[in-house]
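In what follows, a structure is listed as structure tokens, so that the remarks can point back to it.
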Amino acid sequence: MSKNVVIVGAQWGDEGKGKIVDILSEYADVIVRFQGGNNAGHTVVVDHDKFILHLIPSGILHKGKKCIMGNGVVVDPAILLQEIDTLRAKGCFQNDEDLLISEDAHLIMPYHKKLDAVRERIRGKHRIGTTGRGIGPAYEDKVARCGIRCGDLLKEDVFREKLKINLIEKNHLLKNLFHEESFETYDMYYQYMSYAERIGRYIADTGFYLNTAIREGKNILFEGAQGTLLDVDHGTYPFVTSSNTIAGEASTGSGVGPTRIDKVIGISKAYTTRVGEGPFPTELKGEEGVQLREWGGEYGATTGRPRRCGWFDAVAARYAVMVNGLDGMILTKLDVLDNLDKIMICTGYNYNGNIIKDFPSDSITLNNCKPVYEIMDGWKKTTSGITQLADLPKNALAYIKRLEELIGVSIIIISVGAGRKEAIMIENPFE
């Protein structure tokens, strides 16, 4: 009997999903990326070798695992090919059969990236903080029903016609509204046909493949990008990504019905980080925040941008448990807190003199919330390398237990380092 597990970020992304997916891929037959684009980066360390994956699921680092880029992903072919070449140069992904790309996944085009950058520039101080990778504009075209999909790469006439129609509108916007240079249909057409020659072999009906795999009793791991609080509907709008990042998207972004999902697991750091603009109640803006960033190596895998750092936010975590329907939580980077005398946990918000325990849906309200903290003693001992829960320092165990009480679900895996083996498996979601 197959078991199908969804992994999602429970904060603002960067929770360490790449490493956890890498660990759990050992127990899965198929690994599916179901949303987002190359605005997300999953970092995995294997035998001291660092891999940064932007599009291909982390399971590609395991031989013989089938990796799927689902219909909910937006694909930049140039970045995908770079990723493939890098993996192969390191001895990974030697078999073409290990990767499938949904024919319904939308393509990121050069005009998407240009529009993304121009819009951020003209917003000035009101910018959202996008990565400039064209993700938002690609999803806009998807919803506007004028997007170009991976399957179109296999039909030259269809691709050319769609491109020609799209460039009429995009060039008009770029030239007349933003005063930017326009694009040539001919150049872009041949550029993308050259991509088709290399990635066409991977394009398939992945929804059909996945449902067949489930009937055959295979285990499937669904890998989310970004995090719950960046969800376009349920996150801190408008400071969000352009896709749905919560567990429900595992179904719509893959073509697998929700009744086929057996478990939904969230991932959270032992503290909180955020990249880009937007409200962040527990942010540490002084020396403590800088120290946490350096200890945790908190720089974006995709952009290199320094991450904003702060204490664990149990209000936000409870919200993530609710909107995802989490069955358990995975805690990462516990070791980053090893040197602290005192550790703070946000248990509520002070909003205009009132204490609130529920996460506000409105960014303006959240931006005016002040954290209410509970203080716990640190453990001042090294946790890196520990593989058994009972071997953790007493105060670290107390911290974990308190987080479980506050968020309402059990912590099933604890990561205590960057390496593949530096984790404590309390409960395996595939068992």
Side-chain angles (χ1 to χ4, degrees), residues 6-18 20-21 33-43 54-55 72-74 116 119-120 123 127-140 142-143 222-250 252-253 264-269 271-283 298-303 305-310 312-313 315-326 329-330 332 359-367 369:
V6 176
I7 296 289
V8 291
Q11 297 169 310
W12 278 285
D14 308 309
E15 300 95 348
K17 293 181 291 298
I20 299 303
V21 169
R33 168 81 179 272
F34 57 83
Q35 50 76 219
N38 59 296
N39 54 337
H42 288 175
T43 303
H54 299 285
L55 286 168
V73 177
V74 288
D116 204 357
R119 286 171 179 169
E120 278 289 88
R123 285 188 186 111
R127 66 190 182 277
I128 294 168
T130 78
T131 59
R133 303 304 203 259
I135 313 298
Y139 277 116
E140 284 178 44
K142 177 178 180 175
V143 176
F222 295 84
E223 169 188 355
Q226 288 98 19
T228 297
L229 303 178
L230 291 176
D231 185 279
V232 70
D233 285 299
H234 303 283
T236 51
Y237 191 89
F239 303 100
V240 292
T241 193
S242 301
S243 60
N244 288 110
T245 60
I246 65 169
E249 180 65 13
T252 52
V264 179
I265 306 298
I267 303 183
S268 171
K269 283 176 182 165
Y271 49 99
T272 310
T273 65
R274 174 164 202 168
V275 172
E277 309 299 320
F280 182 2
T282 65
E283 182 176 8
E298 297 296 354
Y299 295 88
T302 298
T303 62
R305 289 185 294 181
R307 295 175 186 142
R308 301 154 65 190
C309 298
F312 187 90
D313 189 335
V315 182
R318 281 196 301 273
Y319 176 74
V321 170
M322 179 185 75
V323 295
N324 289 293
L326 296 185
M329 188 77 83
I330 295 169
T332 63
F359 193 76
S361 61
D362 174 52
S363 282
I364 296 173
T365 301
L366 185 62
N367 205 38
C369 285

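Treat the numbers as computed from the prediction; the structure is a model and nothing was measured.
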Please find the pair of heavy atoms, one from [X] and one from [Y], that lie closest to each other, and give the distance.
{"X": "K17", "Y": "G9", "result": "CD-N, 3.5 Å"}
{"X": "A10", "Y": "E15", "result": "N-OE2, 3.3 Å"}
{"X": "A138", "Y": "V74", "result": "CB-CG1, 4.2 Å"}
{"X": "V240", "Y": "G235", "result": "CG1-C, 3.7 Å"}
{"X": "S363", "Y": "Y237", "result": "OG-O, 2.7 Å"}
{"X": "G37", "Y": "I135", "result": "CA-CD1, 3.9 Å"}

Gap between atom [atom2] of [Y] and atom [atom1] of [X] - 0.5 Å precision:
{"X": "T236", "Y": "R274", "atom1": "OG1", "atom2": "CZ", "answer": "3.5 Å"}
{"X": "D313", "Y": "C369", "atom1": "CG", "atom2": "SG", "answer": "9.5 Å"}
{"X": "N244", "Y": "T228", "atom1": "CG", "atom2": "OG1", "answer": "11.0 Å"}
{"X": "I20", "Y": "I267", "atom1": "CD1", "atom2": "CD1", "answer": "5.0 Å"}
{"X": "I7", "Y": "I330", "atom1": "CD1", "atom2": "CD1", "answer": "4.5 Å"}
{"X": "D233", "Y": "S243", "atom1": "CG", "atom2": "OG", "answer": "10.0 Å"}

- [ ] Identify, with sequence neighbours excluded, every residue that meets side-chain contact (heavy atoms from CB on, under 4.5 Å) alongside N367.
- [x] P279
TODO: Under the side-chain contact (heavy atoms from CB on, under 4.5 Å) rule, collect the residues that match up with A247, sequence neighbours excluded.
DONE: V6, V8, V264, N324
Task: Which residues share a side chain to side chain donor-acceptor pair (under 3.5 Å) with T273, sequence neighbours left out - done: K269
If we only count heavy atoms from C-beta on, is the [X] to [Y] side-chain gap below 4.5 Å?
{"X": "R307", "Y": "D14", "result": "yes"}
{"X": "F280", "Y": "T272", "result": "yes"}
{"X": "V232", "Y": "T245", "result": "no"}

Open item on the list: Is it true that S268 and Q11 share a donor-acceptor pair across their side chains at a distance under 3.5 Å?
Closed with: yes
TODO: For F359, check ring-ring contact (aromatic ring centres under 6.0 Å, His included) against everything at least two apart and list the hits.
DONE: Y319
Task: Residue list, ring-ring contact (aromatic ring centres under 6.0 Å, His included) with Y271, at least two apart or on another chain - done: none
Open item on the list: Going by salt bridge (Lys or Arg N to Asp or Glu O under 4.0 Å), name the residues that satisfy it together with E249, two or more places apart in sequence or in a different chain.
Closed with: none
